[in-house]
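In what follows, chains carry the letters A, B, and so on, assigned in the order in which the sequence lines appear, proteins first and then strands, with residues in each chain numbered from 1. Quantities reported herein were computed from a predicted structural model and do not represent experimental measurements.
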Amino acid sequence: MGRMLENHSKLLLKENGIPVPDFRVASSPEEAAQIQSELGCPVVLKALVPVGKRGKAGAVKFAGSPEEARERAAELLGMTVRFFPVEKVLVEEKLNIAQELFVSIAVDKMRKGPVMLVSTAGGMDIEEVAAKYKDKLKIIEVDPLAGLPEYKCREIWSELGIKGVPLREAAACMFRLYQIFCRYDATILEVNPLVITKEGKVIAAASLMAIDDAAMYRHPELKNYVQIGSERAWRPLTELEKQVVAVNEADPYRGTARYTEMEGGDIGFMCGGGGGSLLCYDALLSYGGRPANYTEFGGNPPERKVYGLVSAILSKPGVKGLLVDANITNNTQVDLVAQGIVRALHDQKIDPRTFPVVVRLIGVNNDAGREILEQSGIEYCGEEISMSMAAKRMVDKMREFYKD
Amino acid sequence: MGILVNSKTKILIQGITGREASMVTRHMLAYGTPVVAGVTPGRGGQNVEGVPVYDTVKEACLKHEINAALIYVPPAAVYEAVLEIVANGIKLIVIITENIPQHDVMKCLRVAKEAGCRIIGPNTVGIINPQERIKMGAIGGDNVERCFVPGCVGVISRSGGMTAETAHMVKMAGLGVSTAIGIGGDPMIGSTPVDLLALFEKDPDTRAVVMFGEPGTTYEEDAAEFITAGGFTKPLIAFIAGRFTEDMPEGTVFGHAGAIIEGGKGKPSTKMRLLREAGAFVAENYDDIITYLRELKLN
């Protein structure tokens, strides 16, 4: 899921015929003041971070003068919203709100189709609406093959009590939002609030959008808007994480290498398979181990991908050992993985006789792999040692090597 | 017996000429699995490991009896491949391809459902029935017996790699596998644990099932509910990986795309509790699967 910043999603909405407030982006308090005086009206300032519920986090503010805009922007630019430092601020015209609506479209994974939530109780969390205002909320399961006709949108707003010109405009917005959701392979597209102004116009006051990473190949136009892989971290990517992304992207179609940096820890963790790595991490913790990172690798990676991944794992400060533990694989060439591990250790001048390394790898050419590892003084476990036992062996080995 | 695939299964491989697909074709044939045709548009008339390649599924179906399709085409071509297979009346589709756009997956699953076709996957390692020596996909590789020997235990796994490792556990317990299915690591999949438990319930050769679960989705919770409702009455041994993810910030993916806790849903501890309450044997440590299997005395 590639999360987008609000200025980017608003731009997409605007290009696709959804009215949005006049907006600009400020990187400094002075710029914010400048923008306010250019817009010449009261403004809303919002922290540009790829997370929702910014209002609750105090990351949305108002200003009526350049001076106020400068002060509010200075406050926002010093904030961190849910791990994301605020580097830019969205400055936009404040609307004359008569009524606030809500439209959200998401891929509902359990229903295996798009689901729309539509409400006339906009401006608050949807969880709150669902709990308190059930009569003001409609849930629409859209058939992904048939799509959503515009008359259906009119029916829905009409049943929720919207009338007149706003009915037509709100329905047109809802219809177009669904089209945008499909056109750009969005996984979520939320407009909250969708404002009916005192002048009777319907305007998307706030938007939140994420694009499916797997569909980015057909959206080159979104390349600069979307942070790929953002669902694999709860904060901006660290330098080591970016380094591994680059290693992985260098051979995009051969093997997988993913790296998430954890706080502290002393065991470099390189475990195989989506499920296997989850199991190993749990096992390592259960035996009292302290992993320094979470990693997943597999799918028969080339030697240089393994080398790049192991190098990144080992270069985190405080790493004093390495556990390579994977499920029995169908296709991974163990000799190639072994070569990558040995070369990375060698280049970092790490001697496995003084630095604990445990490897449990079973797959294609595992005898050759075992030989390469054992010749370098690395402890190899075969299928007779379970994944959990290999993790336990690592913890024991850390205790042997570093008697606290 | 076993479920989904058996001695009557005749397989077509979509995208058979690709690097991975040709290797898998070789391994499937070597295992004794009838791969009767392949399709790669523009490559009709060629063959892969002796299997004839056609330009269209229609042509392949005219020349051969086919009742199962294995999809190895790139992500961008999967939706079209599913449409073509469904249009030609093939009722079992295994989608190996990973990283298919979610909008395409939604459409694939809907099209198949409307046509009464069963989809396994996407992002699966495949299915294997060791008794009949039928496998669809890379499952077991070229060294099938290392993990998969015939027996009475069904295996359901959200992880491809852990399908083999779990079958290996079954083997270490002195037992074997009736059918093992990698259901796919994506959140949206064609066949869920509940769908497969329903099939295992009816299979006389399956006397117990082992399930490997992960954080995210409600597949394990649904399985617990299904057992409580009486839909599955044989012993179920379950292991849920990734308990550590509960202590991480919500909304972060670890491992498979499906392994994400959102809105408080999909926590391993909840899955384990519900399964235990439903009467399943829930392994705290993965290696306990062996202990539970031995205690069932299925030999």
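With rounding to the nearest 0.5 Å, the separation of CG in A/Leu279 from CG in B/Asn285 is 8.0 Å. To the nearest 0.5 Å, atom NE2 of residue B/His168 and atom CD1 of residue A/Ile328 are 4.0 Å apart. Note: B/Glu221 CD to A/Met110 CE = 9.0 Å, rounded to the nearest 0.5 Å. To the nearest 0.5 angstrom, A/Asp108 atom CG is 11.0 Å from B/Gln102 atom CD. Between the OG1 atom of A/Thr256 and the CD atom of B/Glu98 there is a distance of 6.0 Å, given to the nearest 0.5 Å.
Put simply, the side chain of A/Val107 reaches to within 4.5 Å of the side chain of B/Met106, judged on heavy atoms.
By the 6.0 Å contact criterion, CD on B/Glu246 is enclosed, its count of non-hydrogen atoms from other residues, nucleotides or ligands being greater than 12. In B/Glu225, the CD atom is not crowded: 12 or fewer heavy atoms of neighbouring residues, nucleotides or ligands sit closer than 6.0 Å.
Residue with the most contacts toward chain B among A/Gly273, A/Ala215, A/Ser388: A/Ser388 (heavy-atom pairs, distance under 4.5 Å). Between chain A and the residues B/Met188, B/Glu214, B/Glu165, B/Met169, the most heavy-atom pairs under 4.5 angstrom are made by B/Glu165. Annotation: maximal heavy-atom pairing with chain B below 4.5 Å, among A/Gly276, A/Ala186, A/Gly274, A/Ser286, occurs at A/Gly274. Among B/Ile139, B/Thr245, B/Asn143, the residue with the largest count of heavy-atom pairs under 4.5 Å with chain A is B/Ile139. Contact count versus chain A (heavy atoms, under 4.5 Å) is highest, among B/Ile189, B/Asp186, B/Thr166, B/Val24, for B/Ile189. When each of A/Gly275, A/Pro114, A/Gly113 is checked for heavy-atom pairs under 4.5 Å with chain B, A/Gly275 comes out on top. The choice from B/Ser159, B/Gly160, B/Pro75, B/Gly161 that makes the most heavy-atom pairs within less than 4.5 Å of chain A is B/Gly161. Listed options B/Ala76, B/Ala164, B/Gly213, B/Gly185 were ranked by heavy-atom pairs under 4.5 angstrom with chain A; first place goes to B/Ala76.
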Exercise. Taking it one step at a time, do A/Met389 and B/Asp287 satisfy side-chain contact (heavy atoms from CB on, under 4.5 Å)?
Worked result: CA-CA 9 Å; A/Met389 284 301 109; B/Asp287 298 9; 3.9 Å; yes
For this session: Run the numbers on A/Met387 and B/Met162 for side-chain contact (heavy atoms from CB on, under 4.5 Å), then give the verdict.
Result: CA-CA 11 Å; A/Met387 294 171 79; B/Met162 293 311 294; 3.9 Å; yes
For this session: Could you give me the CA-CA distance, side-chain angles and deciding distance for A/Tyr281 and B/Phe254, then say whether ring pair (Phe, Tyr, Trp, His ring centres under 6.0 Å) is met?
Result: CA-CA 11 Å; A/Tyr281 201 99; B/Phe254 287 94; 7.6 Å; no
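Looking at B/Phe212, the atoms closer than 4.5 Å to chain A (heavy atoms on both sides) all sit in the side chain, from C-beta outward. For chain B, no part of A/Arg82 is nearby; none of its heavy atoms comes within less than 4.5 Å. Looking at A/Leu285, the atoms closer than 4.5 Å to chain B (heavy atoms on both sides) all sit in the side chain, from C-beta outward. B/Arg158 does not touch chain A: none of its heavy atoms, backbone or side chain, sits under 4.5 Å away. Contacts between A/Asp282 and chain B at a heavy-atom distance below 4.5 Å involve backbone atoms as well as side-chain atoms. For A/Val51, no part lies under 4.5 angstrom from a heavy atom of chain B. Both the backbone and the side chain of A/Asp143 come within contact range of chain B, each with at least one heavy atom under 4.5 Å from a heavy atom of that chain. Interface remark: A/Phe181 contributes backbone and side-chain atoms alike to the contact with chain B (heavy atom separation under 4.5 Å). Contacts between A/Cys271 and chain B at a heavy-atom distance below 4.5 Å are absent for every atom of the residue. Interface residue B/Val111: backbone and side-chain heavy atoms are both found under 4.5 Å from chain A.
A/Lys112 approaches B/Gly190 most closely through the heavy-atom pair NZ-O, 4.2 Å. Across all non-hydrogen atoms, the minimal contact from B/Pro101 to A/Ala214 is CG-O, 3.7 Å. Annotation for A/Leu278 and B/Ala241: closest pair CB-CB, 3.8 Å, computed over non-hydrogen atoms.
Within the 3.5 Å criterion, the main-chain N or O of A/Gly363 finds a donor-acceptor partner in the side chain of B/Arg146.
Taking 4.0 Å as the cut-off between side-chain N and carboxylate O, B/Asp104 and A/Arg218 count as a salt-bridged pair.
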